[in-house]
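See structure below.
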Amino acid sequence: MEYNFRDIEKKWHQRWVAMQTYQVTEDETRKKFYVLNMFPYPSGAGLHVGHPLGYIASDIYARYKRLQGFNVLNPMGYDAYGLPAEQYAIQTGQHPEKTTFDNINRYREQLDKIGFSFDWSREVRTCEPGYYRWTQWAFQKMFNSYFDEELQKAQPIEKLIEKFKAEGQWPADEKEQSDLLMQHRIAYLGETMVNWCPALGTVLANDEVVNGVSERGGYPVEQKKMRQWCLRVSAYSQRLLDGLETIDWSESIKETQKNWIGRSEGAEIEIPYLSASGEEEGGRFTIFTTRADTMFGVTFFVLAPESELVDQVTTPEQRVAVDEYIKYVKGRTERERMIDHTVTGVFTGAYGINPITGDKCPIYVAEYVLAGYGTGAIMAVPAHDSRDYAFAKHFDLPIIPLVEGADVSQESYDAKEGIVMNSPVSEEKSVLYDGERLILNGKTIKEAIAETKRFVKEHKLGRVKVNYRLRDAIFSRQRYWGEPFPVYYKHGIPQMIPEECLPLQLPEVDKFLPTATGEPPLGNATKWAWDTVSRSVVDCSAIDNETIFPLELNTMPGFAGSSAYYLRYMDPHNDEALVSEKAAGYWQNVDLYVGGSEHATGHLIYSRFWNKFLFDLGVSKKEEPFQKLINQGMIQGWSSFVYRVRGTNKFVSFDLLEEQYDDAKKKNIYFYEGTEADPVYADISMVTGNVLNVDKIREWTPEFREAEFILNQNGQYIVSQAIEKMSKSKYNVVNPDDICEHYGADTLRLYEMFLGPIEQSKPWDVAGIDGCFRFLKKFWNLAQGIIEQSNLSDLNNLNNQSNLNNQSNLNNLSTPNKEELKVLHKLIKKVTEDIEVFSYNTSIPAFMIATNELSQLKCTKRAILEPMVVLIAPFAPHIAEELWEALGHKTSVCDAQWPVFEEKYLVEDTVKMMVAFNGKTRFGIDFPADADNATIEAAARGHEMTPKYLEGKQIVKVIIVPKRMINLVLK
RNA sequence: GCCCAGAUGGUGGAAUUGGUAGACACGAGGGACUUAAAAUCCCUUGGCCAGUGAUGGCCGUACGGGUUCGAUUCCCGUUCCGGGCACCA
């Protein structure tokens with residue numbers, strides 16, 4: 001029988017649906033395992049070969065765990081709300097709901113072809129009311145909670161009200177009450193500087209802005225003060241940091257999150273400043289520093305331009321200069337400020353007093369100090385901070401070195417290593433507090449920091465303080481396609497609509513396009529007001545400010561719906577709760593999460609925050625949502641370019657062009673007979689190797705139909721190629737459907753895994769796929785041979801039951817021999833170990849080798865084939881099912897048992913020589929198992945690898961152990 | 001600038017965590033079958049040198065050192081590529 005993958009895959013796809021093979025329920029008798037993929041945005045372009053990479057990897061693991069007896073949850077759904085979905089809808093001029101559902105259907109069709117073990121009965125879509133009801137619910141819970149610093153967890157807001165009342169701080173006025181609580185709620189309305197993107201018509205979260213432009217589309221972003229819903233993510237900074245220690249994620253992604261959270265330990269120190277008259281104390285401000293040890297090197301102070309302190313300290317003489325400077329700073333965009341680091345600043349006219357030395361130091365305003373971090377004010381130590389150094393050089397301010405041997409004539413010495421000096425220069429330069437002076441000379445920097453902190457704390461000059469860089473997440477988007485906020489405004493005070501009225505459904509609008517002014521599209525909805533009597537959405541014209549109120553016009557951002565979806569998969573149809581106690585108790589959290597590392601500072605932080613909040617509420621049962629994380633790499637595409645001679649409709653073969661390096665553009669530019677030729681993308685379907693099919697490209701678009709193609713002397717048109725991200729706009733997309741059509745899903749799965757380590761990015765290259773296809777054919781042929789033979793021997797067995805003489809003969813036919821068992825167990829060991837560490841690319845060669853070896857051994861034993869079919873089932877499920885059935889099994893291969901590896905079959909070819917001498921034990925070279933000790937010893941002495949080593953030493957003992965036991969023996 | 005991860009044949013990549021470097025696949029070359037092609041199967045394939053040949057020798061895991069009987073693996077330094085953060089005091 002031939003390997004007919006089309007029929008096989010079609011047949012098993014239908015059977016899996018009919019038999020509900022992949023549906024799971026909470027089964028208390030079995031151990032759970034939760035595998036999850038980051039669910040996709042259903043974008044308009046459909047799936048390309050890069051998308052399934054992670055899904056295949058996790059599917060292999062899910063199937064493997066299932067074969068090991070675990071109850072595996074492996075769900076899939078769609079992240080359907082948010083900017084990308086809406087941008088696509090706008091581009092195609094359709095309603096986002098329509099495009100989203102069309103795209104979802106297309107995704108589903110494509111996914112189904114690849115043979116995933118998803119439990120589709122648990123599918124979620126973030127844009128469905130039954131789903132986003134719980135997104136809104138969680139938001140309301142956040143609104144009604146505050147973060148208790150002492151307990152380090154979320155608490156009901158009522159507790160805080162009680163506390164305020166007890167302390168007599170509870171205002172009578174409703175508006176004041178609301179304002180006070182707003183400063184503590186986890187979801188709060190805040191007047192903050194936001195990243196405003198005029199082109200997208202919305203604000204963006206920090207992680208959605210890259211290099212001063214929007215992540216989506218690359219549009220400019222400016223800073224703007226707006227009233228927005230925010231999530232107090234920063235309150236969870238320490239827990240987000242601590243949690244990283246408990247989870248099994250790659251070091252690089254943990255590092256990225258650590259950077260993003262940006263914890264820094266330091267001290268806040270109170271600085272008195274002189275009043276305008278210059279005589280008495282005008283007030284105090286607080287600075288933050290991580291280098292408390294450098295107090296003796298302070299030569300000036302700097303305030304952030306946005307800081308309120310600037311107004312307070314500025315003297316009348318400097319007022320004009322300061323105002324002008326602030327105006328200049330405000331006129332600069334975020335991008336300008338990021339790129340241009342030239343030194344700017346202005347003197348305020350005021351002086352601060354260094355509390356340690358008593359010195360009077362000038363106070364400056366400069367944009368290099370940020371208002372949003374620390375206290376927005378710093379003490380400047382030019383000798384030991386490069387930014388302060390640049391500033392001091394520019395304004396000709398003194399520089400006092402504090403570390404022995406540090407040369408600060410050319411640059412600052414920023415390292416935290418060395419011995420402190422000049423601290424103080426002389427005793428009277430250190431102010432006396434309660435009879436004690438701070439003296440740091442001779443100490444290491446680390447000791448000096450600790451000593452200064454102690455001194456500052458003890459003499460009440462300030463306090464020890466930990467700062468985090470992590471900012472609160474801005475949660476409002478001036479967009480249509482997102483979850484509506486379940487909020488209405490009663491006389492300007494936000495109110496939650498009652499929980500039992502959720503979900504608050506997204507209204508229909510005529511125009512869903514964003515506006516440049518920031519007026520959200522929901523403002524176009526006629527029916528968008530809340531009636532507190534009927535407790536329903538009513539027409540806006542009915543607003544009476546007594547019982548009917550306007551609803552919030554903003555919608556939630558993309559990450560709202562994706563922050564707790566893994567919990568919903570546990571119990572997707574529950575109308576009573578986000579997830580039931582029972583389901584959450586059983587499934588706990590995600591054991592294996594697979595997705596791209598580009599979500600490191602977005603989704604993966606928000607999700608962890610969201611889960612921690614739900615954990616505080618008792619809804620989620622684990623503090624961390626994703627125990628193990630695997631980041632699959634990107635699959636890149638080979639883009640092809642044809643070259644059009646500028647100003648003509650001539651396209652020239654790449655090998656006929658002259659190349660020149662352009663310094664300004666930092667890339668090659670090309671010329672044909674003196675005229676520059678510009679690269680134009682050509683669809684890769686029209687290219688074989690690097691040769692263009694000219695007839696095809698003429699049919700492609702009108703611009704090529706009339707074009708002239710200048711071929712090389714071989715009569716070929718050569719394209720140039722580049723490896724780039726796979727994208728529709730680069731015409732380098734390879735569609736998985738085509739691969740499935742040509743080779744089948746099993747080959748696609750195998751090949752994607754074979755391409756290289758799962759975590760690495762690599763270009764898609766079809767060349768190697770034949771190897772995988774050939775292997776499956778070989779495996780199929782081997783299996784067919786065994787199945788035929790074993791059926792034959794079963795038949796003989798029946799016919800000859802009475803004939804005892806034949807018994808030994810039959811045993812030979814059905815009992816595997818030593819060689820065959822060795823091949824099998826080598827494979828079991830390799831594949832099992834590989835799957836555990838996601839090194840699938842090395843398991844596939846193991847299958848190839850085993851198949852070849854068994855073919856050479858002319859193996860006919862089903863006792864060998866059966867476990868092999870189970871081993872291959874996670875990788876190539878369709879072929880495995882077909883063979884499993886052919887072997888006479890009535891149940892799915894999914895319900896089989898993962899084979900157990902037995903050392904005894906492998907011992908002989910993994911022996912090593914152990915040499916013990918002079919009380920030490922070392923190991924040496926491999927020897928055949930049947931070599932006796934004398935032979936080994938003789939060989940060891942004569943062996944060229946270790947002659948020097950063994951010279952003059954006495955070999956006390958030669959032990960033969962399996963290779964993998966060596967480390968155990970050595971211990 | 002700071003932090004993290006890398007660098008192995010023509011290519012993707014192996015090497016059991018210090019023990020025969022280059023598994024497996026692709027590509028290339030040669031051969032078998034075939035009228036022919038496709039398909040399939042077999043052989044060769046890191047470099048250099050010697051030999052008719054079986055074979056033997058030397059050099060080789062970015063570069064330079066070190067530890068070790070032995071280093072792709074561990075340590076130090078350099079170069080290059082990728083990722084993250086980037087006036088965060």
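As the structure is a computational prediction, the values presented were derived from the model and not from experiment.
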Assigned partner base of [N], Watson-Crick or wobble definition, under 3.5 Å:
N: B:A25; value: B:U11
N: B:C63; value: B:G77
N: B:U55; value: B:A50
N: B:C2; value: B:G84
N: B:U40; value: B:A32

OP1 or OP2 of [N] less than 4.0 angstrom from a side-chain nitrogen or oxygen of [X], does that happen here?
X: A:S264; N: B:A89; value: yes
X: A:Y368; N: B:A89; value: no
X: A:R469; N: B:A86; value: no
X: A:N467; N: B:A89; value: no

Kindly point out which of [options] is positioned nearest to the side chain of [X]?
X: A:S252; options: B:C85, B:C4, B:C87; result: B:C4
X: A:H341; options: B:C87, B:G84, B:A14; result: B:C87
X: A:V369; options: B:A89, B:C24, B:G84; result: B:A89
X: A:L370; options: B:A89, B:U40, B:C85; result: B:A89
X: A:Y373; options: B:A89, B:A23, B:G84; result: B:A89
X: A:M848; options: B:C24, B:G84, B:C87; result: B:C24
X: A:F288; options: B:A89, B:U40, B:C87; result: B:A89
X: A:P845; options: B:G13, B:C85, B:C24; result: B:C24
X: A:T842; options: B:A14, B:C87, B:G84; result: B:A14

Write down the distance between [atom1] ([X]) and [atom2] ([N]), rounded to a whole number of angstrom.
X: A:N354; N: B:A89; atom1: CG; atom2: P; answer: 20 Å
X: A:D770; N: B:G12; atom1: CG; atom2: C1'; answer: 15 Å
X: A:Y468; N: B:A89; atom1: OH; atom2: P; answer: 13 Å
X: A:N259; N: B:C3; atom1: CG; atom2: C1'; answer: 6 Å
X: A:D834; N: B:C24; atom1: CG; atom2: P; answer: 15 Å
X: A:E759; N: B:G83; atom1: CD; atom2: C1'; answer: 13 Å

What contact category does [X] fall into here, base, sugar-phosphate, or nothing, at under 4.0 angstrom with non-hydrogen atoms?
X: A:Q760; value: sugar-phosphate
X: A:E255; value: sugar-phosphate
X: A:R471; value: base
X: A:I844; value: nothing
X: A:I378; value: base
X: A:K777; value: sugar-phosphate
X: A:F754; value: base
X: A:P757; value: sugar-phosphate
X: A:D388; value: nothing

(request) Give a yes/no verdict on a cation-pi contact between A:R608 and A:W249, requiring under 6.0 Å between NZ or CZ and the six-membered ring centre and an angle within 45° of the axis. (result) yes

If I pick the [atom1] atom on [M] and the same atom on [N], what distance separates them, to the nearest angstrom?
N: B:A50; M: B:U61; atom1: C1'; result: 26 Å
N: B:G51; M: B:G57; atom1: C1'; result: 11 Å
N: B:A37; M: B:G29; atom1: P; result: 15 Å
N: B:U52; M: B:C33; atom1: P; result: 32 Å
N: B:C74; M: B:A15; atom1: P; result: 14 Å

Is the distance between the ring centroids of [Y] and [X] under 6.0 Å?
X: A:Y743; Y: A:F5; result: no
X: A:Y751; Y: A:W764; result: yes
X: A:F395; Y: A:F300; result: no

(request) Pick out which of A:Y325, A:F301, A:F391 makes a side chain to side chain contact (heavy atoms under 4.5 Å, CB included) with A:Y364. (result) A:F391

(message) Tell me whether A:K465 is salt-bridged to A:E265, with the criterion being a basic N under 4.0 Å from an acidic carboxylate O.
(response) no

(request) Please name the pair of heavy atoms, one in A:T344 and one in A:A366, separated by the smallest distance, quoted to 0.1 Å. (result) O-CB, 3.4 Å

(request) Quick one: classify the glycosidic conformation of B:G83 as syn or anti, with syn meaning within 90° of 0. (result) anti

(request) Please determine, by modelled atom types, if A:T286 and A:E268 share a side-chain donor-acceptor pair under 3.5 angstrom. (result) no

